[in-house]
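Just so you know, residue 1 is the first one in the sequence shown, and it goes up from there. None of the values given here were measured: they were computed from a predicted structure.
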Amino acid sequence: MHSSVTRTIPITPVGTAAAGARPHQRARDRLKGRQATPEALQALRVLIGVRPAEGHRRDLLIEHLHTVNDAHHGLPEALLVALAQEMNLPVAEVYEVASFYHHFEVLRGGEPGSAVTVRVCDSLSCSLAGSADLLQRLRARLGEGVRVQAAPCLGRCAQAPVAQVAQAAVPHADEAVVEALAHRVLAGESLPRERVPGFTDLAAYRAGGGYRLATAVAQGAHDPEALIQTLEHAGLRGLGGAGFPAGRKWRIVRGFAAPRLMAVNIDEGEPGTFKDRHYLERDPHRFLEGVLVAAAVVGIDKVYIYLRDEYHDCRALLQEQIAALQADPPCPLPAIELRRGAGAYICGEESAMIESIEGKRGEPRLRPPYIAEVGLFGRPTLEHNFETLYWVREIIERGADWFASHGRHGRKGLRSFSVSGRVREPGVKLAPAGITLRELIDEFCGGMAEGHTLYAYLPGGASGGILPAHMADIPLDFDTLQPHGCFIGSAAVMVLSQHDRARDAALNVMRFFKHESCGQCTPCRVGTDKAASLMEADVWDQGTLRDLGDVMGDASICGLGQAAPNPIRSVLKHFAHEVGGAA
């Protein structure tokens, strides 16, 4: 596709020299590159509105792409050209953004999009539950107008196998249910919205004392430094995977000059992770109050909440509850914008998420500078995972000692474990930090599933490595797993039994990394692809795989490529008998 110019060029009649032009130059009588048709411009304006006098905001490009994609089940080329013209962007730039995200499909030459898209999760927990067979059966069973495709983790690993029909999640999916839902969509019906029993809305939350803390903080009844010290004493750390101390982060961002922004990460794309969705569906205002407290303490002018596109019902829920809060605010609120991801695991990385919020390809930034200093739109930015903010009210109201008093084996605090795989009762388990896997399974998951005995486990999702059953007594917490080549990350625990092989699990997650690499850096882009190919062999080329792992770990820009070798190293260290013996 050709690129158009990024500014308006005055139209001058042919044969008349434009001001400042050299005599031998011929003035342009139209913009360079592909032009939008009047019909396409009109159709686009119906969807996104007439261009404001100040022009469309550049950071809303992805939101506008979603609007077009939802209406046409894809992105017609003609409307991409029209969108570029309306936003005064090069067509190539719009196309680059549109083609980066998995949930957008560019429709060429006027071809229609599939009326219904059915996604079947092929990540590890769903794979253990037979999603590959389900995918094949659905492809054979569903007819014209339905596109069936494999998809990375849909965030419902405890309900495996999982499918998604249009934007409706189908837990414990079978082909009859999926087919019936697809036919309803084809018939023009709206699918029912899921609502978890016991949901706490704004009225119920306030009745239970909700927003009293946020109001007191906004009114200056709490010393900001004292609140930061409370979080530090409690030991609250980032619960999205990195584990950076929350209080220290508040202090750092607060030290930079205003205006300051906040970015909340609810992308939750790590295979095996679903804790954020679990809490969001039940008690969204506890999280929103944490947002308000953080904003007041740090001095935040505007908050951007980035929610993964797979969580359609959560998005509707959040929109409703934020609107209710804004209609009856308990205290002055910062501006809040809810942004929609578009199917890119890499946007769980903080700087890639910021690029996506700005309407760009979700490619991680080189650091320094760090986003605490130069983040969203070049401003100091407080970035947090959903669950970290979810705990703020409880810790401040109950005190740091309450939170720190929980824990086992010398660890402090509580952890929300997303447990899936071969256990009797999978789900989100709120347990003491430092609990061991064996204790977690026996005390919180009802033991192993019938007919299964523990063989191996992934303590931190796809990135966290794989450990054998005889290492199931290691405390599960930050900093306890690194000596064994693993980490807890977002506390996504996937359990394997004697019916599974660690090498198959490692190959599954490597294929995931290959699919989700943004492609920006060669070590990750090429390394994950080559590693996945080598790992398909009956006997692994261990020397080459080790070399690949070293290069990816040392030279990749972000955590995706740096952590991708962990499953390889785990198998070579603990399960060498599965891949041809010791090196």
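Around NZ of Lys249, the count of heavy atoms belonging to other residues, nucleotides or ligands within 6.0 Å exceeds 12. Residue Lys412 places its NZ atom among 12 or fewer non-hydrogen atoms of other residues, nucleotides or ligands, all under 6.0 Å distant.
In this structure, the side chain of Gln520 engages the main chain of Pro364 through a donor-acceptor pair within 3.5 Å. With Thr273 contributing its side chain and Glu270 its backbone, the two residues share a donor-acceptor pair below 3.5 Å. In terms of modelled atom types and a separation under 3.5 Å, the side chain of Ser351 and the main chain of Arg365 share a donor-acceptor contact. A donor-acceptor contact shorter than 3.5 Å is absent between the side chain of Thr381 and the backbone of Glu383. Remark: the backbone N or O of Pro245 is not paired with any side-chain donor or acceptor of Arg237 at under 3.5 angstrom. A donor-acceptor contact shorter than 3.5 Å links the side chain of Ser418 to the backbone of Phe274. With hydrogens and angles disregarded, no donor-acceptor distance shorter than 3.5 Å links the side chain of Ser570 to the backbone of Leu467. Put simply, the side chain of Arg361 gets close to the backbone of Glu96: a donor and an acceptor are under 3.5 Å apart. With hydrogens and angles ignored, the 3.5 Å screen pairs a side-chain donor or acceptor of Arg503 with a backbone N or O of Glu578. Using modelled atom types, no side-chain atom of Ser416 and backbone atom of Lys275 make a donor-acceptor pair closer than 3.5 Å.
Under the 4.5 Å side-chain criterion, counting only non-hydrogen atoms from C-beta, Asp504 is not in contact with Leu507. Between Tyr304 and Leu376, the closest side-chain pair of non-hydrogen atoms falls below 4.5 Å. Between Val419 and Phe444, every side-chain heavy-atom pair lies at or beyond the 4.5 Å cut-off. Lys429 places a side-chain heavy atom less than 4.5 Å from the side chain of Cys445. Two residues are said to be in side-chain contact when any heavy atoms from C-beta on lie closer than 4.5 Å; Ile346 and Ser517 fail this criterion. The shortest distance between side-chain heavy atoms of Leu476 and Tyr457 falls below 4.5 Å. In this structure, Glu281 and Tyr311 have side chains that are not in contact, with every pair of non-hydrogen atoms separated by 4.5 Å or more. With contacts defined as side-chain heavy-atom distances shorter than 4.5 Å, the pair Val579/Asp538 does not qualify.
Between Glu175 and Arg137 there is a salt bridge, with a side-chain nitrogen of the basic residue lying less than 4.0 Å from a carboxylate oxygen of the acidic one. The residues Arg339 and Glu355 are annotated as not salt-bridged, no charged nitrogen and carboxylate oxygen being separated by less than 4.0 angstrom. A salt bridge between Asp550 and Arg569 is present, with a side-chain N of the basic residue lying under 4.0 Å from a carboxylate O of the acidic one. The residues Arg438 and Asp473 are annotated as salt-bridged, a charged nitrogen and a carboxylate oxygen being separated by less than 4.0 angstrom. Salt-bridge annotation for Arg251 and Glu232: present, with a side-chain N of the basic residue lying under 4.0 Å from a carboxylate O of the acidic one. Salt bridge status for Arg277 with Glu310: absent, with no side-chain N to carboxylate O gap under 4.0 Å. Salt bridge Glu394/Arg286: present, at least one basic N to carboxylate O contact under 4.0 Å. Salt-bridge check for Glu179 with Arg141: passed, with a basic side-chain N closer than 4.0 Å to an acidic carboxylate O. Note on Arg408 versus Glu439: salt bridge recorded, some NZ/NE/NH1/NH2 to OD/OE distance being below 4.0 Å.
If you take CG on Asp309 and NE2 on His102, they are separated by 12.0 Å, rounding to the nearest 0.5 Å. Interatomic distance, CG of Asp401 versus CD1 of Ile395, reported as 11.5 Å (0.5 Å rounding). The distance from the CG atom of Leu366 to the CD1 atom of Ile557 is 5.0 Å, given to the nearest 0.5 Å. Separation of atoms CE (Met494) and OG (Ser125) is listed at 5.0 Å; rounding is to 0.5 Å. Rounded to the nearest 0.5 angstrom, Tyr345 OH and Ser463 OG are separated by 3.5 Å. Here His312 contributes atom NE2 and Leu307 contributes atom CG; the two are 11.0 Å apart, rounded to the nearest 0.5 Å.
Here the closest non-hydrogen pair linking Met353 and Cys347 is CB-O, 3.0 Å. The shortest non-hydrogen separation linking Gly446 to Arg424 is O-NE, 3.0 Å. Leu496 and Ala505 get closest at one heavy-atom pair: CD1-CB, 3.9 Å. When all heavy atoms of Ile252 and Ala372 are compared, the pair lying nearest together is CG2-CB, 4.0 Å. Contact between Ala342 and Tyr306 at its shortest, heavy atoms only, is N-OH, 4.3 Å. Across all non-hydrogen atoms, the minimal contact from Cys521 to Ser556 is SG-CA, 3.9 Å.
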How far apart are the C-alpha atoms of Ser127 and Ser123, what are their side-chain angles, what is the distance that settles it, and do they pass the side chain to side chain contact (heavy atoms under 4.5 Å, CB included) test?
CA-CA 6 Å; Ser127 178; Ser123 291; over 6 Å; no
Go through it in stages, so that I can follow the logic: the residues are Arg511 and Asp122, the test is salt bridge (charged side-chain N to carboxylate O under 4.0 Å, His left out), and I'd like the CA-CA distance, side-chain angles, deciding distance and then a yes or no.
CA-CA 10 Å; Arg511 286 171 173 163; Asp122 65 356; over 6 Å; no
Would Arg367 and Glu349 count as a salt bridge (charged side-chain N to carboxylate O under 4.0 Å, His left out) here? Give the steps.
CA-CA 13 Å; Arg367 285 161 286 187; Glu349 196 275 341; 2.5 Å; yes
Arg156 and Glu268: salt bridge (charged side-chain N to carboxylate O under 4.0 Å, His left out), yes or no, with the steps?
CA-CA 11 Å; Arg156 294 177 177 270; Glu268 195 168 54; over 6 Å; no
Let me see the working for Arg147 and Glu105 under side chain to side chain contact (heavy atoms under 4.5 Å, CB included), right down to the final yes or no.
CA-CA 12 Å; Arg147 178 177 59 176; Glu105 181 189 10; 2.6 Å; yes
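Proximity of the aromatic rings of Phe575 and Tyr455 is defined here by a centroid distance below 6.0 angstrom, and this criterion is met. Proximity of the aromatic rings of Phe287 and Tyr390 is defined here by a centroid distance below 6.0 angstrom, and this criterion is not met. Under the 6.0 Å cut-off for aromatic ring centres, His66 and His103 do not qualify, their centroids lying 6.0 Å or more apart. Two rings, from Phe478 and Phe487, have their centers 6.0 Å or more apart.
In this model, a donor atom of one side chain and an acceptor atom of the other lie less than 3.5 Å apart for Thr453 and Gln498.
The aromatic rings of Trp402 and His406 sit perpendicular to each other, their planes meeting at more than 60°, with 30° as the lower class boundary.
For the pairing with Val178, the side-chain contact (heavy atoms from CB on, under 4.5 Å) check across Val120, Leu138, Val146 returns one residue only, Leu138.
Both tests pass for Arg248 against the ring of Phe244: distance under 6.0 Å to the centre and angle within 45° of the axis. A cation-pi arrangement is absent between Arg282 and Tyr279 under the rule of less than 6.0 angstrom and at most 45 degrees off the ring axis.
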